[in-house]
Amino acid sequence: NSVYLPAKYDGILSPEALGELGNPILLEFVFGMLLAAAYLRAENWLRSERTRFARWSIGFLLVGVFLGSYFSRNNPGNGLLNKGFGAACLVTGALLMEDSCARLSAGDLGRRILSCFLWLGTISYALYLVHLGISERLLRLLIHLVLASNVDGIWGFLALIAASVLLASAVHMFVERYLIRAGKLLIEDRKSTRLN
């Protein structure tokens with residue numbers, strides 16, 4: 001997962017910059033951006049009744065590839081050429097089958113399920129930032145101080161999920177939303193400055 005440079009490297013970019021550019025997770029972000037652009041361009045095709053069978057077939061196939069990757073005993077690492085490929089298949093497959101959400105949300109239960117998924121999507125970046133290091137350490141400290149116990153097993157796993165979602169929700173509500181709003185104001189300010 002790193003860029004290994006020759007001992008006498010004297011290139012234009014610093015080793016730190018090359019390490020960042022060579023990080024396989026960066027390619028996953030780039031894939032996500034390209035997928036979003038493709039989604040916006042192919043929206044009519046993704047909503048067409050004529051392509052439903054093809055979309056669902058390809059979507060199920062891609063979700064199957066993800067499941068095969070996820071349950072594989074091989075652990076080749078991160079990146080689009082490794083475990084990230086399965087994740088990319090999952091997201092692409094879900095997008096291809098997305099039109100079913102309109103039918104699922106028809107009932108009251110469907111709307112609640114869909115709103116839960118939308119909330120998880122809303123807090124997903126905060127969840128990405130806090131889920132491992134921060135949530136885990138805070139949960140372990142809290143359980144140790146309050147219950148004098150360890151966090152392990154299935155209950156520890158479920159507690160970690162709950163703690164991560166709660167912390168991510170708090171970070172989203174009290175930090176991320178304000179930063180997004182400030183960023184939008186900054187963009188609007190720059191646009192109005194350019195026009196004047």
(request) Mind listing the closest non-hydrogen atom pair of Val130 and Ser164 along with its distance? (result) CG2-O, 4.0 Å
(message) Which heavy atom of Trp45 sits nearest to which heavy atom of Thr51, and what is that distance?
(response) O-OG1, 2.7 Å
(request) Working to the nearest 0.5 Å, report the span between CZ of Phe60 and CG of Leu67. (result) 11.0 Å
(request) Could you tell me the separation between the CG atom of Leu138 and the CG atom of Leu166, rounded to the nearest 0.5 Å? (result) 12.0 Å
(message) Does any part of the side chain of Val63, heavy atoms only, come nearer than 4.5 Å to the side chain of Leu90, both counted from C-beta?
(response) yes
(request) Could you tell me which non-hydrogen atom of Arg55 sits nearest to which non-hydrogen atom of Met97, and how far apart they are? (result) O-CG, 4.4 Å
(message) Any side-chain to backbone donor/acceptor pair from Thr92 onto Ala88? Under 3.5 Å, distance only.
(response) yes
(message) If hydrophobic clusters are built by linking Ile, Leu, Val, Met, Phe, Trp and Tyr wherever their side-chain heavy atoms come under 4.5 Å apart, do Phe66 and Phe71 end up in the same one?
(response) yes
(message) Count I, L, V, M, F, W, Y as connected when their side-chain heavy atoms are under 4.5 Å apart, and connections chain through other members. Are Phe85 and Val30 then in the same cluster?
(response) no
(request) Examine Leu95 and Met33 and state if one hydrophobic cluster contains both, with Ile, Leu, Val, Met, Phe, Trp and Tyr joined whenever side-chain heavy atoms are less than 4.5 Å apart. (result) no
(request) Grab the two heavy atoms, one from Ala126 and one from His172, that are nearest each other, plus how far apart they are. (result) CB-N, 4.2 Å
(message) Could you check whether any side-chain N or O of Arg41 sits under 3.5 Å from a backbone N or O of Ala36, counting only pairs where one atom can act as donor and the other as acceptor?
(response) no
(request) Would you confirm whether Ser48, through its side chain, and Asn44, through its main-chain N or O, come within 3.5 Å as a donor-acceptor pair? (result) no
(request) State, with a plain yes or no, whether a side-chain heavy atom of Leu167 is found less than 4.5 Å away from one of Ile134. (result) yes
(message) For Leu96 versus Leu46, what's the shortest heavy-atom pair and its separation?
(response) CD2-CD2, 3.7 Å
(request) Would you give the length of the straight line joining atom OG1 of Thr122 to atom CE of Met173, rounded to the nearest 0.5 angstrom? (result) 11.5 Å
(message) Quick check for you: to the nearest 0.5 Å, what is the distance between Leu61 atom CG and Trp56 atom CH2?
(response) 14.0 Å
(message) Let me check something: do Ile180 and Leu186 share a hydrophobic cluster, defined by ILVMFWY side-chain heavy atoms less than 4.5 Å apart, either directly or through other members?
(response) no
(request) Measure across Ser169 and Ile123 and return the closest heavy-atom pair with its distance rounded to 0.1 Å. (result) OG-CD1, 3.8 Å
(message) With a 4.5 Å cut-off on side-chain heavy-atom distances among I, L, V, M, F, W and Y, is there a chain of contacts connecting Trp155 to Phe157?
(response) yes
(request) Might you confirm whether atom OH of Tyr70 has over 12 heavy atoms from other residues, nucleotides or ligands at distances under 6.0 Å? (result) no
